[in-house]
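Quick notes on the structure that follows.
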2 protein chains.
Amino acid sequence: MPLPHRPSPRTPARLQDRATWLVSRAHARSFRLLNAGFEAHGGGLRGYHYRLLAALEEWGPSSQADVGRTTGIDRSDVTAALTELEAQGLVERSVDPANKRRKIVTLTDAGATRLLDLDAVIDGIQREFLAPLTAEQREQFLGLMSLLVEE
Amino acid sequence: MPLPHRPSPRTPARLQDRATWLVSRAHARSFRLLNAGFEAHGGGLRGYHYRLLAALEEWGPSSQADVGRTTGIDRSDVTAALTELEAQGLVERSVDPANKRRKIVTLTDAGATRLLDLDAVIDGIQREFLAPLTAEQREQFLGLMSLLVEE
DNA sequence: AACCAATGTTGGTCCCACCAACATAGCCGA
DNA sequence: TCGGCTATGTTGGTGGGACCAACATTGGTT
């Protein structure tokens, strides 16, 4: 009777209590869920697109550079993602007449609608992601993560 | 007096309380720290290499497929990373005489030593990463993350 | 006018995660 | 025993997120 040779995916001891490892695993899980959600209901959009739409909705028309700074996305990535959003009619770009270097990005009605759709999808994913925790633990989790993330 | 036009990197409201967003930010920060650490003291190794060395140290010589299963790393990525580790003399690969498909991977002394070095680097990064939290909060954080990550 | 800084764009890199296909080797049931 | 299935290691590829370098254009400063 041969050995099965099918070790379950355990975790090396030196990893399983390290914060960076746990964060990495949590991120991998979160990322998988988000990818599946975007794949199923995202209409070809990804995380960058959602972040950009959210920033535009919250702070109104801005230059690409400002959008990049508020979202923490690199200028070059902002350019690429906005081109894709523009192709779907979700944002509009126009040269700032007061400063011809800048392009003012504006959320369209279609973009605002799409953002709401994505909100719903992402809210569902939050529940799935946080399923292992009780309501109280979720509170704690969000609080601790906020501390860990600021700057 | 012209407007500064330098918005600080805030976070859209619909993002800042979502668990997946916070995890993504925490992971980005953790990843930056780890990258910097590996860059400075990692001798060209990366996360995959550390995970593989750790698994070999803990569970002894194993086939590549088993190492991949225990670490959660894809077979193909295991192959590539092991080739790099082998080139540095940190692991050895030999065909399993009892099953010529399999390659048994063994940690060398140099590999074990290197693993200890990396442990020290990564421990330092844990402190840096967790700096915003009190000791008690760190305990809570690790506990909650473990729940969230399970399987 | 000369210099420097900001902007948008192009075109890269890197790491992690994942997938498809393939040759080889072992296994198992008919 | 043969045929088919699975496991293994390898090659090569995809995709997302995060970055970086260089460049032309435009503004602002001195």
Side-chain angles (χ1 to χ4, degrees), chain A residues 1-7 20-21 23-25 27-39 42 44-52 62-69 71-84 86 93-105, chain B residues 1-6 20-21 23-25 27-36 38-39 42 44-52 62-69 71-84 86 93-105:
Chain A
M1 167 172 164
L3 293 178
H5 270 304
R6 300 280 175 71
T20 53
W21 167 258
V23 167
S24 160
R25 292 306 84 200
H27 173 257
R29 177 159 168 262
S30 156
F31 192 64
R32 267 193 304 272
L33 292 173
L34 287 170
N35 269 358
F38 278 117
E39 178 108 14
L45 301 185
R46 294 155 304 159
Y48 275 1
H49 300 116
Y50 179 73
R51 288 206 236 166
L52 293 172
S62 319
S63 77
Q64 296 189 194
D66 282 354
V67 172
R69 276 186 287 265
T71 58
I73 301 176
D74 188 87
R75 298 206 310 276
S76 59
D77 299 319
V78 170
T79 294
L82 285 181
T83 299
E84 290 155 353
E86 196 178 29
R93 284 195 275 200
S94 63
V95 174
D96 183 351
N99 186 339
K100 290 188 217 142
R101 284 177 304 187
R102 317 179 108 217
K103 288 189 180 176
I104 301 298
V105 187
Chain B
M1 167 175 167
L3 293 177
H5 269 305
R6 301 278 174 73
T20 54
W21 167 258
V23 167
S24 161
R25 294 304 83 200
H27 173 258
R29 178 158 167 262
S30 157
F31 192 64
R32 267 193 304 271
L33 292 173
L34 287 170
N35 268 358
F38 278 117
E39 179 106 17
L45 301 185
R46 295 154 303 159
Y48 275 1
H49 301 116
Y50 180 72
R51 287 205 235 167
L52 293 172
S62 320
S63 76
Q64 295 188 194
D66 282 354
V67 172
R69 277 187 287 265
T71 58
I73 300 177
D74 188 87
R75 296 206 314 274
S76 59
D77 299 320
V78 170
T79 294
L82 284 182
T83 300
E84 290 155 351
E86 197 177 30
R93 283 194 275 200
S94 63
V95 174
D96 183 350
N99 185 338
K100 291 187 215 142
R101 284 178 305 187
R102 317 179 109 217
K103 287 191 180 175
I104 302 298
V105 187

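Remember, it's a predicted structure, so these values are computed and weren't measured experimentally. Quick note on labels: first sequence line is chain A, next is B, and so on, each numbered from 1.
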For [X], side chain to side chain donor-acceptor pair (under 3.5 Å) partners two or more places apart:
X       : value
A:Asp74 : A:Ser76
B:Arg46 : B:His49, B:Glu84
B:Thr20 : A:Gln126
A:Glu86 : A:Arg93

Worksheet item: Out of D:dG9, C:dA25, C:dT9, which nucleotide sits closest to the side chain of A:Lys103?
Response: C:dT9

Fill in: Side-chain N,O (B:Arg69) to OP1/OP2 (D:dT8) below 4.0 Å
yes

Item to complete: Determine: side-chain N/O of A:Gln64 to OP1/OP2 of C:dT9, distance under 4.0 Å, yes or no.
Response: yes

Nearest-angstrom distance from the residue atom [atom1] of [X] to [atom2] of [N]:
X        : N      : atom1 : atom2 : result
A:Ile104 : C:dA6  : CD1   : P     : 17 Å
A:Arg29  : C:dC18 : CZ    : C1'   : 18 Å
A:Leu34  : C:dC16 : CG    : P     : 20 Å
A:Glu39  : C:dA17 : CD    : C1'   : 14 Å
B:Lys100 : C:dA23 : NZ    : C1'   : 15 Å
A:Asp96  : D:dG27 : CG    : P     : 9 Å

Discussion item. I'd like to check the side chain to side chain contact (heavy atoms under 4.5 Å, CB included) partners of A:Asn35; sequence neighbours left out, ordered by chain and number.
Written reply: A:Phe31

Discussion item. Whether the side chain of B:Arg101 and the base of D:dT8 hold a donor-acceptor pair under 3.5 Å is what I'd like checked.
Written reply: no

Show me the protein contacts with nucleotides 1-3 of chain D, counting only N or O atoms at under 3.5 Å.
none

Response to the item:
With sequence neighbours left out, the residues meeting ring pair (Phe, Tyr, Trp, His ring centres under 6.0 Å) with B:Tyr48 are none

Worksheet item: For B:Phe38, which residues count as a ring pair (Phe, Tyr, Trp, His ring centres under 6.0 Å) partner, sequence neighbours excluded?
Response: none

Practice prompt. Between protein and nucleotides 16-23 of chain D, map the contacts as a letter string: B base, S sugar-phosphate only, - none, heavy atoms under 4.0 Å, written 5' to 3'.
Written response: SSBBB-B-

Item to complete: Could you check if a side-chain atom of B:Arg75 sits within less than 4.5 angstrom of a side-chain atom of B:Val78, using non-hydrogen atoms only?
Response: no

Worksheet item: Given side chains that start at C-beta, do those of B:Arg102 and B:Asp66 come closer than 4.5 Å, heavy atoms only?
Response: yes

